[in-house]
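These notes concern the structure reproduced below.
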Amino acid sequence: MTPHDADTELMLRVKRGDPRAFTELVERFVRPLASFFHRLGADAATAEDCAQDVFLKLFRTRTAYEPRAKFSTYLFSIARHHWIDVVRHRAAGPTTVSSDAGGGDEAHGSPTDRLVAGDPAVDARAQADEVGAALRRAVAALSAEQREVFALVQQDGMRYQEIADLLGIPVGTVKSRVHAVMNALRERLAREGFEP
Amino acid sequence: MTRPDDPNPLNDKILDLVLGQIPPGGDEAARIAGDPRARAEVDRWARLAAAAKAAHALQLDPAAGERLAARVVARVRDEEARAERVGAERPVGARRMFWGRVLAVSLGAHAIFLGVFALQARRSEVAPVEPFLLTPQWTAAGDPVARAEDRRVLPLPELPAFDGAMASDREFVPADVADEAPFPSPALEPAGPREIGLRAASPAFRARTSDPIKRAIEARLSARGSLDTIRRSLTALAATQRADGSFAAPAGTDVSDATAWTVLPFLGDGHSSRFGAHRDVVAKAVAFLRGRRDAATGTVAGGDAVLWALAEDQWLAGGFRTPAENRAPAADLRGLAARLAADGADAARPDSLRTVALAAAARARVVEAPPVATLAAATVEDWLAADVRPDTALTRGAALAAGASVETFRRFSTRAAATLRGLVGDDGLVTDASLDAAARALATARAVLALQVPFRAE
């Protein structure tokens with residue numbers, strides 16, 4: 001077996017009952033995890049909730065942890081399954097509209113929506129915001145499989161092989177999906193008049 | 001930009017290099033670096049990859065990880081302690097005995113059920129039960145099978161023609177019961193029958209309690225530092241609360257009003273009597289406010305600020321209480337709103353405290369929502385040009401949030417935020433040295449409330 005990476009060592013410390021190691025793990029992965037859920041289609045608040053749920057599952061099952069793969073692969077595997085549950089739950093219930101996506105409470109005219117969906121022309125970051133918004137629209141238009149691959153490949157240090165292991169598909173498929181996604185994003189941005 | 005179907009043979013390798021799948025020091029990377037056209041393509045893909053990463057990056061405050069870890073550990077430890085207690089209370093032998101009994105009872109119940117079922121089946125072979133017989137079998141004078149002429153099928157009763165009018169459930173609820181009906185859970189009113197818990201909360205509720213959303217608003221208003229100032233002030237104000245839940249009132253101010261003003265910034269930051277880091281502060285203050293009564297009417301003592309504070313807590317915490325627990329706070333709110341409505345104060349003015357308080361009471365489903373006044377252009381211009389003071393910034397900001405354009409609200413808030421932040425010192429309290437401790441705390445609460453207008457999601 002290859003020597004453990006730093007995250008795996010931390011998780012082994014968590015398994016041995018070291019709460020400081022868990023805090024360190026959470027601090028290291030809370031942002032990547034929240035961003036992962038955000039890329040998959042969760043709004044900001046749901047993404048944070050989902051990240052918390054994943055850490056809950058991780059901590060509950062800490063004593064059963066065995067370092068068979070890279071820790072990040074293990075963690076994102078939990079995250080992926082959690083997202084499948086969330087989507088299934090959503091499909092079973094009525095659709096809710098997220099507050100920070102700029103919709104939902106328009107009738108009440110809450111400043112949250114009106115500010116978040118406000119005209120960014122006066123903002124210094126207007127251009128970046130517009131490219132960001134166009135990209136978010138483009139990602140939202142991808143298929144669920146493509147979005148999943150995109151969300152994983154955006155994680156620093158996540159190799160095609162790990163993504164393939166995590167999704168249970170061949171490396172070649174991962175690679176072709178990633179290339180298709182990136183080309184689709186680039187094409188869509190170009191159609192909307194942005195030059196990345 | 002190069003088209004996606006560009007026939008460049010290095011295109012796939014370039015993308016892999018940008019996505020970190022090819023080591024930057026390897027042969028492939030060197031090959032790409034040697035081709036000027038490929039280098040330009042690397043730059044384009046790198047810009048797209050960076051923008052894609054930034055587009056979904058969430059801003060969490062620096063302490064978010066530590067807080068989340070503490071929450072997770074505390075929750076799991078609780079679960080484990082509970083499981084351990086249950087395990088200790090029931091030793092293994094007792095547990096086995098318990099499950100053995102469950103199994104025995106279950107088998108017995110199944111045996112009885114099957115026996116009864118078999119008996120019924122045998123009896124039905126002798127005398128099959130046929131519905132809608134004119135002559136019931138028990139009147140057939142001992143003959144289990146009725147005579148052929150009696151075996152006529154009963155006609156269906158005649159029903160009046162449907163006239164299209166449907167009775168509503170409401171018509172069946174007596175008026176006095178309807179008035180006393182369980183108070184709704186406005187903040188957590190489910191979006192549908194399957195949605196429960198925080199995910200079903202209204203967007204306004206989520207905005208009030210979500211740090212990422214508040215940070216997004218802060219950035220959009222170019223008001224960086226406002227949330228940190230607010231949190232610093234909350235810590236300082238919490239330290240001034242007295243044991244009975246009240247806050248000291250400066251000379252000339254009623255203690256209920258002072259307490260309401262001081263607890264409002266906590267509610268504005270998403271803390272309530274049921275949740276939030278400052279839950280105890282809010283719970284004690286709300287209990288104090290509800291405990292003081294107006295001598296003449298018996299309703300909760302105090303004015304608009306008290307109505308506002310109690311309505312805010314009901315809106316935030318109502319969904320975390322049972323209907324029975326909600327009944328008394330709701331009745332208190334109705335009584336107070338009715339008493340205040342009777343004094344005829346200026347509820348019609350868009351920038352009055354009464355309007356803000358009534359809007360809060362409407363969100364808590366206690367009164368009808370007041371109409372949103374249309375703001376005259378001249379009034380808005382006056383407000384934008386006037387000096388920023390905490391009292392006017394609060395009510396005018398609320399009026400602009402409800403009735404002005406986003407751009408107008410942003411202009412007002414950006415300017416107001418800078419001025420209001422300047423009033424608060426490093427210790428979290430306003431820096432006016434001429435004020436005594438009670439007046440300083442009250443002035444701080446008003447400044448923080450004004451600073452919170454964009455984050456309140458009202």
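In what follows, chains are A, B, ... by sequence order, proteins preceding strands, each numbered from 1. Not measured: the values here are computed from a predicted model.
Looking at heavy atoms from C-beta onward, A/Phe37 lies in side-chain contact with A/Val54 at the 4.5 angstrom threshold.
Considering only heavy-atom pairs separated by less than 4.5 Å from chain A, the leading option among B/Ala49, B/Ala70, B/Ser413, B/Ala69 is B/Ala69. Chosen from A/Leu56, A/Thr23, A/Leu25, the residue pairing most often with chain B at heavy-atom distances under 4.5 Å is A/Leu56. Ranked by heavy-atom pairs under 4.5 Å with chain B, the list A/Leu135, A/Val30, A/Leu185 is led by A/Leu135. Interface summary for chain A: among B/Ala51, B/Ala52, B/Gly20, the most heavy-atom pairs under 4.5 angstrom belong to B/Ala52. Ranking A/Gln161, A/His179, A/Lys175, A/Met158 against chain B, the residue ahead of the rest is A/His179, based on heavy-atom pairs under 4.5 Å. In terms of non-hydrogen atom pairs under 4.5 Å with chain B, the most contact-rich of A/Glu48, A/Glu27, A/Arg159, A/Glu24 is A/Arg159.
Under 4.0 Å is where a charged nitrogen must lie from a carboxylate oxygen, and between B/Glu66 and A/Arg20 no such pair does. The pair A/Asp7-A/Arg28 meets the salt-bridge criterion, with a side-chain N (NZ, NE, NH1 or NH2) lying under 4.0 Å from an Asp/Glu carboxylate O. A/Arg186 has a carboxylate O that lies under 4.0 Å from a charged side-chain N of B/Glu41, or vice versa, which qualifies the two as a salt bridge. Taking the charged nitrogens against the carboxylate oxygens, A/Arg62 and B/Glu80 do have a contact shorter than 4.0 Å, which makes a salt bridge.
One side chain, A/Asp5 or A/Thr8, offers a donor N or O that lies under 3.5 Å from an acceptor on the other.
Each of A/Phe71, A/Phe36, A/Phe22, A/Phe55 was compared with A/Phe29 under the ring-ring contact (aromatic ring centres under 6.0 Å, His included) criterion, and only A/Phe71 meets it.
With B/Lys214 contributing its side chain and B/Phe455 its backbone, the two residues share no donor-acceptor pair below 3.5 Å.
With sequence neighbours left out, B/Glu79 forms a side-chain hydrogen bond (donor to acceptor under 3.5 Å, both in side chains) with A/Arg60.
Close approach to chain B, defined as a heavy atom under 4.5 Å from one of its heavy atoms, is seen in no residue of residues 162-172 of chain A.
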